[in-house]
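Written out below as structure tokens is the structure these notes cover.
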Amino acid sequence: EATRSEDYLLIMQAYADGYRGKNIDQYLYGYRVDEKTISRRNLSSRLEECGIRFKGYRLNRMIFPCGWLFCLKPILAWLVQVMKVIIGVR
């Protein structure tokens with residue numbers, strides 16, 4: 001169902017099913033983000049992430065009053081990325 005938002009979808013579904021979690025102050029694994037990682041996040045994958053977020057927030061009855069703003073965050077991040085390319089910021 002999701003190609004780039006699997007973790008997000010898993011957490012939202014688990015939360016909707018009644019599971020709870022906690023943040024811990026210990027690194028469990030390393031994750032490297034470079035320019036290629038960010039450039040693969042095109043508009044299509046950002047739209048997919050918006051859909052996953054909307055589904056998760058709706059599933060958890062959190063869409064209003066602020067959940068819909070978090071649904072739009074991937075599009076805003078993509079716009080920032082595009083604007084950086086346009087104005088030549090690295």
Worked check of side chain to side chain contact (heavy atoms under 4.5 Å, CB included) between Phe70 and Tyr57: CA-CA 9 Å; Phe70 288 102; Tyr57 281 107; 3.5 Å; yes

ILVMFWY network linking Ile87 to Val80, side-chain heavy atoms under 4.5 angstrom: no

Rounded distance [0.5 Å steps], CE in Met62 versus SG in Cys71: 10.0 Å

Nearest heavy-atom neighbours spanning Phe54 and Ile63: CD1-CD1, 3.4 Å

Hydrophobic cluster identity match, Tyr19 and Ile24, side-chain contacts under 4.5 Å: no

Minimum heavy-atom distance Tyr8-Arg53, with the two atoms named: CE2-CG, 3.4 Å

Spatial distance of atom NZ (Lys84) from atom CG (Leu79) [nearest 0.5 Å]: 12.5 Å

Heavy-atom closest contact (Gly56 atom, Met12 atom, distance): C-CE, 3.2 Å

Leu76 side, atom CG; Cys50 side, atom SG - distance, nearest 0.5 Å: 8.0 Å

Ile75 vs Leu43, side chain to side chain contact (heavy atoms under 4.5 Å, CB included): CA-CA, chis, key distance, verdict: CA-CA 7 Å; Ile75 297 297; Leu43 180 57; 4.0 Å; yes

Cluster check Leu9, Ile11: I/L/V/M/F/W/Y, side chain < 4.5 angstrom: no

Over all atoms of both residues, closest heavy-atom pair of Arg20 and Tyr15: NH1-O, 3.1 Å

Residues that Ala16 engages under side-chain contact (heavy atoms from CB on, under 4.5 Å), provided they are two or more places apart: Leu59, Asn60

hydrophobic_cluster_shared for Trp78 and Ile86, side chain cutoff 4.5 Å: yes

Point-to-point distance, once rounded to the nearest 0.5 Å, from NZ of Lys73 to CG of Leu69: 11.5 Å

